[in-house]
> 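Dropping the structure in here first, questions after.
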Amino acid sequence: MGLLPLWILFIRLIAFPGSMETFGANPPSVTGLPAGILSVGVALTVMAIGIVGLYGASTNRSALLAFVAFTLPSTILMVLTPALILIVLNA
């Protein structure tokens with residue numbers, strides 16, 4: 001469950017290879033790096049923090065909190081990043 005953002009990335013790479021081109025679009029850049037690459041890095045970092053939280057959870061409530069606080073936002077970021085980049089490019 002904690003690897004959900006990574007699975008979404010793999011499914012997107014396999015099923016829709018052309019959709020990954022927006023991640024490397026350079027006009028929306030931060031410190032010279034494409035914004036899509038940075039957002040994937042942030043999403044994977046937050047996912048890793050969520051996995052550590054899920055692994056160390058002693059109760060179901062703390063596991064749910066780790067999932068909602070880290071894994072879910074990471075998944076949302078992974079799903080919405082291409083659309084946000086296209087919005088910035090076309091605005």
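Worth saying up front: this structure is predicted, and the values here are computed from it rather than measured.
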> Can you give me the closest heavy-atom contact between A57 and S62, atom names plus distance?
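In this case the closest contact between A57 and S62 is CB-OG, 3.4 Å.
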> Show which side-chain atoms of residues 76-91 pair as donor or acceptor with protein atoms under 3.5 Å away, not counting sequence neighbours.
from: T81; atom 1: OG1; to: S39; atom 2: OG; distance (Å): 3.3
from: T81; atom 1: OG1; to: L77; atom 2: O; distance (Å): 2.5
from: N90; atom 1: ND2; to: L86; atom 2: O; distance (Å): 3.2

> At what distance, to the nearest 0.5 angstrom, does CD1 of I8 lie from CG of L3?
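The CG atom of L3 is 11.5 Å from CD1 of I8, to the nearest 0.5 Å.
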> Table please: side-chain donor-acceptor pairs of residues 45-54 below 3.5 Å, with sequence neighbours left out.
from: T45; atom 1: OG1; to: G41; atom 2: O; distance (Å): 2.8

> Please identify which of these residues, L72, T71, V40, meets the side-chain contact (heavy atoms from CB on, under 4.5 Å) condition with P5.
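Only match with P5 under side-chain contact (heavy atoms from CB on, under 4.5 Å): T71.
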> Is there a path of hydrophobic side-chain contacts, each under 4.5 Å between heavy atoms, that joins F70 and V42?
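Cluster IDs for F70 and V42 match.
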> Are W7 and L9 connected in a single hydrophobic cluster, I mean Ile/Leu/Val/Met/Phe/Trp/Tyr linked by side-chain heavy atoms less than 4.5 Å apart?
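L9 and W7: one cluster.
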